[in-house]
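Below: one structure, written as structure tokens.
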Amino acid sequence: MAELLQNLIDGLGRGSIYALLALGVAVIFGVMHLLNFAHGELITVSGYAAFWAINAGWSWYLTVPLIVVVSVATSLVIERIAFSRVRGADDFTLLLTSFGVHFVVSAVFLLYVSASFKTFARPGWVTDTYSVGSLRVEVFDTVVIAVTVVALIATTLLLQRTMFGLALRAAAADFDTARLMGVRSDSVIRGAFALSGVLAGIAGVFWLMRAGSTFPTAGINPMLKGVLAALIGGLGSLRGAVLGGFALGLAEVLLRSRLPDSVASLTEGVVFLLIALLFIFRPQGLVAVAHAERV
Amino acid sequence: MFPDLRRDVLYPIVGGVVLFALFVGFGLVYQGQLGGAERLVTFALIDAVIVLGIQIYVGNTGILSFGHIGFGAIAGYAFALSAISPAEKAKRISDAPFGLADVQLSPWLAVGVAVAATLVVAFVVGVGLARSGAESGAVSATVITLALLFVTHEVARNWPDLTGGDRAGLSFRIGGTLDSRVPIYVALLVTIVIARLYAQSRSGRLAVAAREDNLASRAMGVNPLVQQMVALLISVAVVSVGASLRVYEKGSILPGDLFFNLTLVTLVMLIVGGRRSVTGTLLGVAVITAGRELARRLGQDGFEVFGIGLDDAPLDWIFRENLKSVFLGVSMLGFMIWRPSGLLDDWELDRWFHARSARSSEPPTDPLPILEPDDSTPLVVEGVNVTFGGFRALTDVGIEARKSEVVGIIGPNGAGKTTLLNVITGLVESSSGSVVLGGADLTSAPSFEIARSGLVRTFQNLRLFTALTVRENVEVSALVAATSRRHQPSPDVDGLLAAAGLWEHRDRRARELDYGTSRRLELARATAMAPAYLLLDEPTSGMSDSESLLMIEQVRRMAGLVGAGVVVIDHDLNFIIGICDRIYCLDCGEVIAHGSPAEIQADPIVQAAYLGAAAQA
């Protein structure tokens, strides 16, 4: 029982970061029907910013806002340079465009920095823990969960209470109709990329604090987590994406602690297998979004 | 008729040989010009096999697969494990499971084992893809293939007893590595010909139809999932051969060899040349191989590569090591943004030859015979109920039709006409009711079964296979009819094109046609199925009055060619009254009247519901 509770807390901590990433993926899928395989690049780029800042003597208090700002800026630049040019293209083109962005960004860092890890000092409290009864809770997880809850509430308010949120939800439900109703596609799409950048920035802060390093293909891992969590939740559903993030985090923690040792290193593979199975038996994801094709 | 032996067999084979000669010739010239490029060209030849293998699936089905290199990894390990000598294995993987430690097959037998083992996995993955509802561009299918790539990689890394793990690698000697290019040449030539023959085959054409419009293909009796599976198995077999050759040539295999990087490289090769074309795919392999090499050398030596002493200081911000990675990424991104269908799109060398050599053929002079319809297979639809959420779209609707008649369905917008047609053709599920054609119960059968049984429809908003030519559009149905409707002679495609007034347009792509011609093509495509009934959804929508009247003749003529009955929905009353023997009038999901055109015109309920105040005035 205690072990299960421990898993639950660990899973929530991990799942929080995934939820933020997945929400960013889902927001963009909603307005562009684009499964963004370049989402992790926001963390790659802000990782190099963090590397530069920390090693230039910045404190983490200053570095945190820098990471978020860089993430948002990167998101907008990528939209401007690449995604704005393929709006309305077929799914095949959209998928490969985002993959192309991913490869270009990592190749640029490969070209101009180096293939090796760039490390930076992590804040001291990242590894601190405290005890509640028999449970050992990481300070880090506590902060992550708390910040994620605040971020999710803020996002919910933004989506429910503002004109931008209404436009974004309308666009996610039916982009063409939303445009006919006067929603400006440019500003909604840019807004979605900005929002996605903020969410990835917050997730990136935690990701980088824990990793303490970055490298040209550092984006693959967070990208996969975000994309997979969004897929688990049912693409296009924002609530589903958050649920998918927590589900993925919990699944990873449970698998790692419950699988026999001989296959524990296969956790990633097992997670992938489970997701493939989910797709095979429930292609619409956990939270189904109705799509009707008119004939 | 089909298969057109010249176009679909002879030309693809000859064209394949020419492509092979061009590709290899280019490779040899390139290698002669550039010292030390033998190995580069050898790998380009092997990559061409792998990329063509991917093309067979991705190009024809439109489903983006990241998993083919995962299949390649399975094949590569299967090949290595069967071919390496027990002595070599004892050094690395003495505890190999399944008694593999003592196995040694000849390399060519090992390739066979690799193909067979990988095909088993491919079949399982293919069933999964089918279940996930794979269709052109489907994200879920792409993710399943991505999962295969990652799972294969993880297993290879984490099962050192089988694979030697991440570092050791299976460095093996079977009397050296591949010491002659002949096997590679043979594999490439066979692959090119297979890729072209498949694209022209029945399965290939039906897969392409499903790629162009999945729903329309099912309405023409195509089961896309079967064709996707066929394409997948052929494609994986080819990739397995290519991957085995790669391992053989390299002399070793590591989990990272057949993973993300190779996936990226092969995908870029595929999309740059044109994924829908075998010619384009080969062009892509050549361009990307040469481009990468140039980028690598520019990154190393700057302009000295060209043997000129230009000052490359202004460009040293780009002439850096790893330039070739940027080249790949930029190629992928640039092509997706500016030319997503690749350099050649779907242009094929052998089709171009064929089109040029085709004599300016005359339309067939003998008109097709008009068949006398028999009334043996009535269409009986009874008690159909459909609700969308809380909305009752159809309430207890029934219609009957005989093959000798034209039955019309009219009603105001939202009356449920198209929904009824969708229920009959299996696109919408009814909560109750039955559809029976000549005693065969088709209720809730899959739409392609219904089409094969003889109920074939057209669509209100045209759904042609837009990238295919007019002739190819019609051939899709003729192909399905040839196997599924044997008891009913399917009309000669040439004759049908002539009768439909499409002869002069036969080699144009469907997307280039004007509206009226597109409508005629939809009708001709449905007729080529030799259906028992043609179900037409607003065939005159968007037409002028005079065009509508011509459509009456057109519908009668086409139905006559195959002796089909007609059920037609339309708004155009002149058209409906001119063509129908009997009319059903729907309003708010119920049949409110039924009778001859004269009775319907006189019916006060119909006037109120459908013709509205204008008729009463």
| said: Report which part of B/Phe327 has an atom under 4.5 Å of a heavy atom belonging to chain A: side chain, backbone, both, or neither. | reply: neither
| query | Is the closest side-chain heavy-atom distance between B/Phe150 and A/Leu224 below 4.5 Å? | reply | yes
| query | Relative to A/Phe92, does B/Arg275 satisfy both conditions: NZ or CZ under 6.0 angstrom from the six-membered ring centre, and within 45 degrees of the ring's axis? | reply | yes
| task | Compare all side-chain heavy atoms of B/Leu267 with those of A/Phe99 and state whether any distance is below 4.5 angstrom. | result | no
| query | Would you say A/Phe37 and B/Leu146 make side-chain contact, with heavy atoms under 4.5 Å? | reply | yes
| query | Crowded around A/Arg87 CZ? As in, over 12 foreign heavy atoms under 6.0 Å? | reply | yes
| Structural part of A/Leu274 lying under 4.5 Å from a heavy atom of chain B | neither
| request: Check whether A/Leu94 gets within reach of chain B through its side chain, its backbone, both or neither, counting any heavy atom under 4.5 Å. | output: neither
| Only one of A/Leu231, A/Leu278, A/Leu95 clears side-chain contact (heavy atoms from CB on, under 4.5 Å) with B/Val143; which? | A/Leu231
| query | Rounded to the nearest 0.5 Å, how far does CD1 of A/Ile220 lie from CZ of B/Phe260? | reply | 5.0 Å
| Quick one: what part of B/Phe388 sits under 4.5 Å from any heavy atom of chain A, side chain, backbone, both or neither? | neither
| note | Of B/Ile144, B/Val151, B/Asn322, the largest count of non-hydrogen pairs under 4.5 angstrom with chain A goes to B/Asn322
| said: Taking every non-hydrogen pair under 4.5 Å, which of A/Asp91, A/Thr97, A/Val86 racks up the most with chain B? | reply: A/Thr97
| query | For A/Val101, is it the side chain, the backbone, both or neither that has a heavy atom under 4.5 Å from a heavy atom of chain B? | reply | both
| said: Need one label for B/Ile271: side chain, backbone, both or neither, based on atoms under 4.5 Å from any heavy atom in chain A. | reply: side chain
| request: Give the minimum heavy-atom separation between B/Arg131 and A/Ile280, together with the two atoms involved. | output: NE-O, 3.1 Å
| query | Non-hydrogen atoms of chain B under 4.5 Å away: do they reach the side chain of A/Leu277, the backbone, both or neither? | reply | neither
| query | For B/Ile337 and A/Ala82, which heavy atoms make the closest approach, and how far apart are they? | reply | CD1-CA, 3.9 Å
| said: Tell me whether the count of non-hydrogen atoms from other residues, nucleotides or ligands lying under 6.0 Å of CZ in A/Arg80 goes above 12. | reply: no
| said: I need the residue from B/Ser325, B/Ala216, B/Ala134 with the largest number of non-hydrogen atom pairs under 4.5 Å to chain A. | reply: B/Ser325
| field | Pairs of heavy atoms under 4.5 Å with chain A: top-ranked of B/Leu264, B/Val139, B/Leu328 | value | B/Leu264
| field | Enclosure of B/Asn261 CG (heavy-atom neighbours >12, cutoff 6.0 Å) | value | no
| Spacing of A/Phe279 atom CZ and B/Ser132 atom OG [to the nearest 0.5 Å] | 8.0 Å
| What part of B/Trp338 lies closer than 4.5 angstrom to a heavy atom of chain A: side chain, backbone, both or neither? | side chain
| said: Which atoms of B/Thr152 are under 4.5 Å from chain A, going by heavy atoms: the side chain, the backbone, both sets, or neither? | reply: neither
Do any side-chain atoms of residues 103-118 of chain A form donor-acceptor pairs under 3.5 angstrom with protein atoms, and if so which ones, sequence neighbours left out?
{"from": "A/Ser106", "atom 1": "OG", "to": "A/His102", "atom 2": "O", "distance (Å)": "2.9"}
{"from": "A/Ser106", "atom 1": "OG", "to": "A/Phe103", "atom 2": "O", "distance (Å)": "3.3"}
{"from": "A/Tyr112", "atom 1": "OH", "to": "B/Trp317", "atom 2": "O", "distance (Å)": "2.3"}
{"from": "A/Ser114", "atom 1": "OG", "to": "A/Ser116", "atom 2": "N", "distance (Å)": "3.1"}
{"from": "A/Ser114", "atom 1": "OG", "to": "A/Ser116", "atom 2": "OG", "distance (Å)": "2.8"}

